[in-house]
Each structure stands twice: as structure tokens, then as C-alpha cells.
Amino acid sequence: MGAYCNGDVSMAPSNDVVSTPDFRLSKYVHDNVHGNIYLDPLSLKFIDTEHFQRLRELKQLGLTNMVYPGAVHSRFEHSLGVYWLAGQSVEKLKSYQGMELGIDRFDIQTVKLAGLMHDVGHGPFSHLFEREFLPQVNSGSNWSHEQMSVNMVDYIVDEHHIEVDPHMMKRVKEMILASTEFPLPRSSSEKDFLYDIVANGRNGIDVDKFDYIVRDCRACGVGCNFEFQRLLETMRVMDNEICYRAKDYLTIHKLFATRADLYRTVYTHPKVKAMELMVVDALVQANSYLDISSHILNPSEYWKLDDTILKTIETAPIQELKEARELILRIRRRNLYQFCNEYAVPKDKVDNFKKVTAQDIVCSQKSGGVTLKEEDVAVSNVKIDLTRGKHNPLESINFFKDYESSEKFTIRDDRISHLLPTSYEDMIVRVYSKKPELVDAISEAFENFQLKTYGIKAQVHSTPSKKRRYD
């Protein structure tokens, strides 16, 4: 994968603490969230490749702009934002604790590259590609966009002959996978705190969330009172872990609460999910002809896959793509799968929840009347949590009292506020009718399913009458 870069930016590890970089030697872009973002020479070698530029064709929020028209920002600008915040974080730590921690320019460059490249392996339409499409056409696969990001990093370095320290790239890949189910063995535990910055598997506080929460709120026009700058200024490394001042616990809670609110009101908006279900059906139908799923096998093919796959299907005059084309046309004309109703799984049933399927709904219809088929029904099982499932995320975060103290500790919920939630996870079941004329029958079957499963109708209200008015 090449030798050392000729510039200082990828020097071998050193214990020397360097001064603040001279931004006059960097290029910059103006970002609408962070202002001027300065791009160092080594990072530019990755940015100025067709493989990284592909991120311009991936909307950060997939199909959300069909409901929130301003949500057209891309993975490209998000990646630049995470690159910038990753650099800012490690620079802050170097300024306050550099001599103590031994942070050098090798560490700074490594963390910045990890932030830049963390999403380079992302698929089309936000997380729809890996969480909903691939499981239907590639059963049993444990493919993830993080692992593909690692593969893409290797591919870009080799394809473009980027001269960079192999040890640096190894640590970059470790940082990208740090919060996943399959992290790489770390090459060193000497500076473990560096792995808390980009993708924090330890407690979920990382600059990836800092950027997308603020950026997504801004694009969608929803309020955001979470201020990540406060955390960047006051964080401190203790025992090889990034810790936070005890007085900032509410700021951290706002991070998780704002993320959960975005999931509920934006990312999993009922109409957004309706369109996602339709796109998944279209991709599944087109897969046998276009072999979309095979792209994940090789980075040299994968980088060609982006959101424009819909336009490819929509404009191809091929009989094999007729059904997929018709679904996309329905989305264009706003003839969506009809939302019938939803319910939140009762709190005492969440732990043993099993995903509801179309078959469950069809099997709950009463005899007589319309006979439903599984292909008439679409079900979306939506999980919303504060990043740690049913557990309070604050339990995994270590705090300190003040900068003179050497003790770190966790904060119990009952010491914070009695107004904070006692449950940290929601499961919401939504049911859609693929045909407008079946809304009535499917809504009734959905109610029967709830009665059979829980003994009550768990939905808040009956299906609105306006949903039933179709010619």
C-alpha cells in the first residue's frame, strides 16, 4: 500500500507535540454548518478521487427530501464535516493535554482520515440498502457499510498509488470499525482514547453524531438545542478514555434525545417509510436483471452504485424492469403505499418482541369479505432508542467533577432528574396497504392482530376516515 507520504502529514509515529497547523498551506471549502473547513494535502489525495466524489450522489437522508424538501445534503458534505470535527477534537486534546497524552501529528492525521473516510462505503438511500434491501436478496449476509468503507480505503490507496504509512491506514480502518459488531483488533492500546472520537463503541458520543444531528436538523428545519462545541471544549482524557464534566450531563442527554427525536419525526416519518418500502420492492424486482446486490463483492464495482440507480431503472425501456419502473412512477406521482395505522409495543413486551410480518397481518383477517394476500401488505418495524437499546446511555459514560480531580465516575439516573425517561427504547409497528382499496381490510386485520397478540388495541386511534376515501 505504499511507503511514507513525502509531506509531513503522514510521518511515522512520534512523541513530539506539534504546534497548530498553518491553515495557509491548506485548501479550504466553506461549509454551511462549520464555516471554513481546511483540507490538508494527504486528505485531498483521497477527496480528489472518483471513489470519494461518489458521495456527492448519495443523499445523507435518502428519500427524506420527499417529505422535508430541504434534506438534499449529501454524504460528501457530512464526511467533510466529520473530518473537520475529528481534527478539532484531537487538536483540543493536544492543546490541553498534549504533553501528558503524547499526541503527535501522526495521531492527528490518522483521526482526521478516519473521519473523512468513515462513510465512503455507504450504500444508496441512507441505511435502506444494507438494512432492508440486502437482507431480502442476500439472506444471512452480515455486510455492513463500515466494512465496505475499510475495503474502499484499501482500494483507493492501491488504485491511486497514494503514498501513506501502512500503520496509519491500519489504525484508520480500526477507527472506522470501532463501534461495529466486528471491530478490528487494535494495533496498540497505548492511545485508546483516539478511538472514541470518530465512531465511539464505548459510549456512543462521537463527532459523527455531532455533525449529522446538527446538519440534519438544519436541513429539515427542525429545532436543535444540542451544542457539541461545549463538549469539545470541556472533554478530558482520564485513564485512556475521553470523559466529560459532570455539569455537562444534560448536554450529553440532549445529544441522545435529539437523535431519538430525529428518528421519530424525520428518519422514520410514516411517509418516508412508505417510500422506502416501495424503493426496496423496486430494487428487489430489478435485482434479478441488474444484479445490484453483486456490487458489494468488489470495490471496483461498488463505487459505481449510488442514488442514481432509481433513474437507471426508471428510464430503461426494458420489459424485465417494468414492475420496478411502475413502483418508481407511483412514488413520483405520490401514489404511495397507504399508511393504515401503527402502535407502540407495550413496555413489558419490548424485550421479547418478534418482528411483525405481512403474514402475521394476513393470518389475522376474519373470514368473509376481501381475501388478503401477503403481497398486499407492507410492515415496518421501527426501533427508536438512545443508542444503547434498553439501557440508559449515561450509564456507560464517565464523568469528572473538575479539572483538579483525578477520579472518574458514572451518574445514576435518579441523581440527574426524575423527569428523564425510565425506558430508553421504543418499538413501533406500522402497517401499509400496497393497494388503496384494501386499506379498510388491512386496518381491520391489523386491529385483530393486536387483540390476538396483546388482548388490547395498542394503536392510539382507529384508521383516519380520510384514509378510507378512495374511488
Side-chain angles (χ1 to χ4, degrees), residues 62-64 66-67 125-128 130-136 139 259-281 284 336-366 370 372-391 421-436 438-468:
L63 300 164
T64 302
M66 300 290 281
V67 175
F125 313 113
S126 193
H127 291 278
L128 174 155
E130 65 185 296
R131 294 180 183 173
E132 300 186 45
F133 166 66
L134 284 180
Q136 291 199 38
S139 181
R259 175 183 175 275
D261 192 49
L262 280 170
Y263 265 88
R264 187 179 296 278
T265 60
V266 176
Y267 307 154
T268 65
H269 186 287
K271 276 194 167 54
V272 171
K273 294 305 296 183
M275 286 180 276
E276 288 185 351
L277 290 166
M278 296 176 79
V279 167
V280 169
D281 284 350
V284 168
L336 308 179
Y337 290 171
Q338 290 297 309
F339 172 70
C340 294
N341 221 317
E342 69 177 20
Y343 72 83
V345 177
K347 189 188 301 186
D348 60 336
K349 307 291 185 183
V350 170
D351 286 350
N352 299 313
F353 175 75
K354 181 182 177 183
K355 283 189 175 182
V356 178
T357 66
Q359 183 182 35
D360 293 327
I361 306 304
V362 170
C363 290
S364 300
Q365 64 181 318
K366 293 180 179 178
V370 178
L372 298 175
K373 301 175 182 177
E374 286 185 44
E375 55 265 31
D376 297 328
V377 182
V379 180
S380 175
N381 295 276
V382 177
K383 177 182 175 182
I384 301 174
D385 63 13
L386 299 184
T387 73
R388 312 300 285 186
K390 63 182 180 180
H391 300 291
T422 55
S423 180
Y424 302 94
E425 180 180 42
D426 273 347
M427 282 300 310
I428 299 171
V429 178
R430 293 195 182 119
V431 169
Y432 297 81
S433 171
K434 295 185 180 182
K435 299 174 182 177
L438 296 179
V439 170
D440 246 356
I442 291 173
S443 298
E444 183 182 22
F446 186 38
E447 291 177 6
N448 293 338
F449 169 78
Q450 296 169 57
L451 288 170
K452 183 172 64 175
T453 306
Y454 306 115
I456 59 169
K457 291 182 184 179
Q459 61 195 43
V460 175
H461 52 69
S462 58
T463 301
S465 57
K466 67 178 181 179
K467 293 287 184 185
R468 303 173 188 265

Regarding Glu447 and Lys457, does a basic nitrogen lie under 4.0 Å from an acidic carboxylate oxygen?
yes
Which heavy-atom pair separates Ala445 from Ile361 by the least distance, and what is that distance?
CB-O, 3.4 Å
Under the rule for ring pair (Phe, Tyr, Trp, His ring centres under 6.0 Å), what residues qualify as partners of His127, not counting sequence neighbours?
His122, His145
Among residues at least two apart in sequence or on other chains, which ones pass ring pair (Phe, Tyr, Trp, His ring centres under 6.0 Å) with Phe125?
none
Kindly give the heavy-atom pair with the smallest separation between Val429 and Val379, and that separation in Å.
CG1-CG1, 4.2 Å
Quick one: does Asn381's side chain get under 4.5 Å of Val356's, heavy atoms only?
yes
With rounding to the nearest 0.5 Å, note down the distance linking OG in Ser462 to CG in Asn341.
7.5 Å
One should read off an interatomic distance between Phe353 CZ and Lys383 NZ, to the nearest 0.5 angstrom, of 11.0 Å
Please name all residues satisfying salt bridge (charged side-chain N to carboxylate O under 4.0 Å, His left out) with Lys435, sequence neighbours left out, ordered by chain then number.
Asp376
Test of understanding: with side chain to side chain donor-acceptor pair (under 3.5 Å), list the residues that count as partners of Lys349, not counting sequence neighbours.
none
Distance, nearest 0.5 Å, that separates CD of Gln450 from CD1 of Ile456
8.5 Å
Only counting residues at least two apart or in another chain, list the ones meeting ring pair (Phe, Tyr, Trp, His ring centres under 6.0 Å) with Tyr337.
none
With sequence neighbours left out, write down each residue that passes side chain to side chain contact (heavy atoms under 4.5 Å, CB included) with Pro270, or none if nothing qualifies.
Phe339, Arg430, Tyr432
May I ask you to decide if Leu336's main-chain N or O and Gln338's side chain share a donor-acceptor pair within less than 3.5 Å?
yes
With sequence neighbours left out, the residues meeting ring pair (Phe, Tyr, Trp, His ring centres under 6.0 Å) with Tyr454 are Tyr343
Among residues at least two apart in sequence or on other chains, which ones pass salt bridge (charged side-chain N to carboxylate O under 4.0 Å, His left out) with Glu276?
Lys273
Residue list, side chain to side chain contact (heavy atoms under 4.5 Å, CB included) with Val67, at least two apart or on another chain
His269, Lys271, Val272, Met275, Arg334
Nearest non-hydrogen partners of Ser380 and Val382, listed with the distance:
OG-CG2, 3.5 Å
Under 3.5 Å, is there a donor-acceptor pair between the side chain of Gln365 and the main chain of Leu372?
yes
Note, Met427 side chain near Asp385 side chain (heavy atom, < 4.5 Å)
no
Is the shortest side-chain heavy-atom distance between Tyr267 and Ile384 below 4.5 Å?
no
Do Lys434 and Asp281 make a side-chain contact, defined as non-hydrogen atoms from C-beta onward lying under 4.5 Å apart?
yes
More than 12 heavy atoms of other groups within 6.0 Å of Glu374 CD:
yes
Least distance between heavy atoms, Val377 atom then Ile442 atom
CG2-CD1, 3.8 Å
Ser364: what forms a side chain to side chain contact (heavy atoms under 4.5 Å, CB included) with it, not counting sequence neighbours?
Asn448, Phe449, Lys452
What is the minimum heavy-atom distance between Cys340 and Ser443, and which atoms define it?
CB-OG, 3.5 Å
Which residues pass the salt bridge (charged side-chain N to carboxylate O under 4.0 Å, His left out) test with Asp261, sequence neighbours left out?
none
Holding to salt bridge (charged side-chain N to carboxylate O under 4.0 Å, His left out), I want the full list of residues that pass it with Arg131, two or more places apart in sequence or in another chain.
none
